[in-house]
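None of the values given here were measured: they were computed from a predicted structure.
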Amino acid sequence: MTRHRATPHRPRRHPASRTLQRTRQRTPQRTAIVHRAIRVTTASCAGFYLFVYGVDRPETALYALFGPVALGILSPIPGSGRQRAAVILRALPVGLVLITLGTVLAVHTWAAVLGMLVVGFALPFAAVAGPRPAGAAPGLQLFYILACFPPYAPDTLGARLAGLTLGVLLLAACEVYLLPTPPTATYRQSLADAVTIAGRAAAAAASGDRSAEGADDAADRLRETGRQLRLSRLPPAERPAGAGRADRALAQAGAAARRLLDQLAHLRHTPPTVSVVATATVTSGRGANADADATGQDTKAEADATGQDAKAEADATGQGTKADAGAETDADAPSADLLGRVAALCEAIATALRTGRPPPRSGPPVLDAAMRDFQGLRITQATGPPQSVPPAPVLRRQSSVLALTESARILQTAVRVGLDGRRRPPIPPRELFWYADTPTYLLWWRRLTGHMTLRSVLFQNAVRTALGLGAARLVAGSLDLSHGFWVLLAVLTLGRTTAGGTWTAVRSALAGTLAGALATGTLLLVVGRHTDAYAAVLVPAMLAAFALGPLLGIAWAQALFTLVVSAAFAQIAPASWQLAEDRIVDVATGSAIGLLCGLLAWPAGARREVRRTMAALLRSCGPLITGTVEVLLATPPGTAPLPPTRPVLHRLRLAEAAYLQYRSEPGDRSEVSMDWHAVLITANHILLGAHWLPRFDLPERTVTPEATALARTTAGHLVLATDRVAAICAGEGPPPQPPAVPAYRSPTEVRGLSPLPALIDLEHWLNSLTAQLARIESSVPPGR
């Protein structure tokens with residue numbers, strides 16, 4: 001009789017409950033927007049009214065008004081109130097320099113245009129330094145834009161600088177004391193919590209305790225903990241995205257922690273005696289993958305990558321779990337000891353992250369010695385009498401434990417480098433920790449020069465912005481447009497990374513500006529020159545523009561902002577309904593320039609670039625696969641040079657930047673089924689295997705020619721597979737289908753030879769790569 005698995009009943013949620021949940025999720029965001037509007041309005045109006053009605057300095061009042069608007073509204077500076085205040089205060093000297101530069105270069109249109117090109121490129125390109133400099137860039141652009149327009153009045157420079165200084169200081173004070181944004185958990189705290197959970201899981205695996213909860217639930221919890229460490233899940237202010245040593249080390253520690261959690265999840269989910277063996281071809285989509293998701297892929301994705309559940313894996317070995325239980329208990333005691341060391345190490349790492357004191361330096365050597373002893377025991381068992389050789393499933397589980405321990409070792413070293421912050425002697429593996437003994441200025445130089453390429457989306461965005469602002473300044477100066485800075489402001493605020501996104505923003509902005517201009521023209525005709533009325537309108541108009549604009553869309557923001565600037569300028573100088581007309585002309589001109597730049601300069605945004613960078617990344621990984629196999633199988637051991645990994649690391653950085661921008665761009669998602677994230681996972685998996693597999697030498701006499709030939713054949717087949725997948729990623733016609741080659745298997749399944757632990761480690765790595773490449777290829781939409 002056929003038995004069916006009972007599926008738990010999941011009651012359908014009422015649409016009203018879903019709406020209520022979405023409302024609750026949006027409430028904190030809406031509250032934050034309203035609080036920001038109150039802070040910016042308070043800072044802007046305080047300085048503006050002081051200089052207009054208190055000391056009669058309209059030039060100073062203008063900069064006191066726009067300083068908080070630039071850094072408070074135009075600049076999406078992330079973080080808590082104190083964090084934003086710190087960024088604002090650090091941006092003040094840069095703003096003073098930009099106003100000085102703009103005031104001096106306003107003498108000629110060509111000088112202002114050249115200055116705009118330089119400033120327009122430099123500030124957006126500052127995004128390579130992380131989310132905080134990137135957030136402050138648009139506001140700093142506005143400071144130069146305000147000052148670079150006629151009249152050429154260098155005698156007003158002091159008044160301009162005084163107004164900006166007061167406005168920025170008021171905004172910083174409001175960020176700290178007026179409805180401040182509460183701080184969130186720091187990256188170190190989040191990482192410490194994740195490492196603590198990993199330590200508990202390692203301790204449970206060491207003791208064999210599986211009674212607390214189901215394996216599926218425990219594995220899902222570990223994977224979800226790893227997903228929470230992904231940068232896309234973290235607040236932008238807490239992401240370790242800088243080029244300095246500490247940020248690089250913490251980012252590497254986060255990646256190692258995600259990999260460790262996923263490996264522990266697989267260890268928890270898969271019974272210890274289950275053998276993990278891939279099936280025949282790369283196109284079958286089946287195979288084992290003990291640690292496929294090094295960066296926190298979800299459970300379903302991992303299931304697709306492995307292509308089989310625990311029961312199917314047990315069937316593949318031809319042995320049941322129960323039959324191997326006794327052998328596992330006796331033969332895998334070294335794994336339990338190593339897992340216990342990992343659990344203790346995780347506890348020490350979590351304590352170091354919470355206290356800010358580096359973990360003891362004696363940790364990595366001790367762990368290295370334990371790993372070498374562990375591998376030595378495996379080799380001794382494999383090369384000894386046949387009765388001393390553990391079953392192949394036990395050796396495969398030990399291979400997973402060894403890879404897991406290597407992740408813990410990298411995690412501890414990265415945390416020590418991140419917390420120590422000082423230059424140190426070279427740390428192995430040198431290719432992964434190359435930054436540990438590199439001067440800070442060289443780290444920043446390498447970050448900047450690494451993105452000075454047409455393949456970098458950050459470079460593309462900076463060039464697009466510079467060309468748009470430079471063209472807008474040239475047009476506004478040549479045509480002598482009134483309030484010409486509105487032209488540049490339109491280019492700055494409406495430009496998007498894709499032509500489609502720019503057109504959507506421009507269309508809404510023009511409609512909103514037209515509606516706002518009609519309302520403003522009516523107000524100017526009715527009120528005339530009664531400045532008291534404009535003073536009364538300014539505060540509620542600013543509150544409405546800064547609060548309702550982000551909530552209701554670009555059209556509302558442009559309409560209300562038109563009313564704000566008109567009310568402000570009407571208090572500084574006499575104004576008529578023609579001010580609203582100038583606003584329409586300037587915004588339309590800036591929109592046309594921005595749209596034209598969007599059409600000519602990388603109109604597809606990151607869509608094409610993500611294809612190019614992912615393809616280049618995969619092609620650079622091919623030599624790493626063959627190079628790692630050659631190092632591991634070299635005769636005599638240690639004679640083959642280690643393959644260089646720096647090119648892969650560089651292309652991985654470019655691919656990650658392109659992928660992040662691609663995921664942030666709205667619009668067509670026809671390529672959403674192409675699993676770009678799986679490409680990044682595969683590249684990370686190749687990098688890590690290339691570093692830790694050659695650390696353990698193989699005894700020369702135990703490596704048979706048959707095993708060596710099979711490993712090299714499989715590696716060559718994987719290189720063909722990576723080239724094929726790279727061609728698909730790039731949108732090229734794929735090369736001919738490579739011949740079917742059986743998945744690599746250790747000598748235990750080749751003519752009955754004794755299993756060699758290091759070859760089983762290699763089997764585990766090669767077969768998981770086979771499954772990952774099959775998963776990427778299977779994600780290609782039909783007909784593509």
Side-chain angles (χ1 to χ4, degrees), residues 26-27 29-54 58 60-75 139 142 163 166-168 170-171 173-175 177-181 483 486 489 493 508-509 511-577 579-580 582-584 587:
R26 293 174 181 171
T27 298
Q29 181 181 5
R30 292 175 177 174
T31 302
I33 291 173
V34 173
H35 288 178
R36 183 185 63 179
I38 294 173
R39 291 192 297 267
V40 174
T41 301
T42 301
S44 299
C45 291
F48 181 76
Y49 289 145
L50 172 64
F51 289 112
V52 170
Y53 298 103
T60 307
L62 182 64
Y63 284 82
L65 175 73
F66 278 100
V69 172
L71 292 177
I73 298 298
L74 295 182
S75 300
L142 182 59
L166 179 63
V168 171
L170 287 173
L171 177 63
C174 289
E175 290 287 354
Y177 300 109
L178 181 61
L179 302 174
T181 303
H483 301 285
W486 284 343
L489 186 60
T493 57
S508 301
T513 302
L514 180 60
L518 291 175
T520 299
T522 303
L523 176 67
L524 293 171
L525 283 174
V526 172
V527 175
R529 297 189 177 182
H530 296 284
T531 57
D532 293 344
Y534 300 123
V537 168
L538 182 60
V539 173
M542 291 186 74
L543 282 173
F546 300 154
L548 297 180
L551 294 174
L552 302 180
I554 295 177
W556 282 88
Q558 288 292 327
L560 292 170
F561 191 68
T562 300
L563 181 61
V564 168
V565 295
S566 300
F569 279 103
Q571 296 178 65
I572 293 176
S576 66
W577 61 270
L579 182 64
D582 294 337
R583 169 76 173 164
I584 295 177
V587 171

Participant: Looking only at heavy atoms, which two atoms of Ser75 and Ala70 are closest? And how far apart?
Facilitator: OG-O, 2.9 Å
Participant: Determine whether a donor-acceptor pair (N or O, by modelled atom type, separation under 3.5 Å) exists between the side chain of Tyr534 and the backbone of Val527.
Facilitator: no
Participant: So Phe66 and Phe569, would you call those rings parallel, tilted or perpendicular, with 30° and 60° as cut-offs?
Facilitator: tilted
Participant: Grab the two heavy atoms, one from Leu179 and one from His35, that are nearest each other, plus how far apart they are.
Facilitator: CD1-CD2, 3.6 Å
Participant: Go through Thr493 and Phe561 one step at a time and tell me if the side chain to side chain contact (heavy atoms under 4.5 Å, CB included) criterion holds.
Facilitator: CA-CA 12 Å; Thr493 57; Phe561 191 68; over 6 Å; no
Participant: Under 3.5 Å, which donor-acceptor pairs do the side chains of residues 518-525 form with other protein atoms, sequence neighbours left out?
Facilitator:
{"unit_1": "Thr520", "atom_1": "OG1", "unit_2": "Gly516", "atom_2": "O", "d": "2.8"}
{"unit_1": "Thr522", "atom_1": "OG1", "unit_2": "Leu518", "atom_2": "O", "d": "2.9"}

Participant: State which residues pass ring pair (Phe, Tyr, Trp, His ring centres under 6.0 Å) with His530; sequence neighbours excluded, sorted by chain then number.
Facilitator: none
Participant: With sequence neighbours excluded, what pairs up with Thr181 under the side-chain hydrogen bond (donor to acceptor under 3.5 Å, both in side chains) test?
Facilitator: Arg84
Participant: Give me the atom names and distance for the closest heavy-atom approach of Val69 to Ser44.
Facilitator: CG2-OG, 3.7 Å
Participant: With a cut-off of 3.5 Å and sequence neighbours excluded, list every side-chain donor-acceptor pair involving residues 536-553.
Facilitator:
none

Participant: Taking the side chain as every heavy atom from C-beta outward, state whether Leu166 and Leu50 have any atom pair closer than 4.5 Å.
Facilitator: yes
Participant: Taking side-chain hydrogen bond (donor to acceptor under 3.5 Å, both in side chains) as the definition, give me every residue that meets it alongside Tyr53, ordered by chain and number, with sequence neighbours left out.
Facilitator: Gln571
Participant: Closest heavy-atom contact between Val40 and Pro68?
Facilitator: CG1-O, 3.8 Å
Participant: Would you say Val168 and Tyr63 make side-chain contact, with heavy atoms under 4.5 Å?
Facilitator: no
Participant: Restricting to non-hydrogen atoms, name the atom on Ala568 and the atom on Leu65 that form the minimum distance, rounded to 0.1 Å.
Facilitator: CB-CD2, 3.6 Å
Participant: Taking all atoms of both residues into account, what is the closest heavy-atom pair of Ala517 and Thr562, and its distance?
Facilitator: N-CG2, 3.9 Å
Participant: Look up atom CZ in Arg36 and atom CG in Leu171, then write down how far apart they are to the nearest 0.5 Å.
Facilitator: 11.0 Å
Participant: Please identify each residue that fulfils salt bridge (Lys or Arg N to Asp or Glu O under 4.0 Å) with Arg583, with sequence neighbours left out.
Facilitator: none
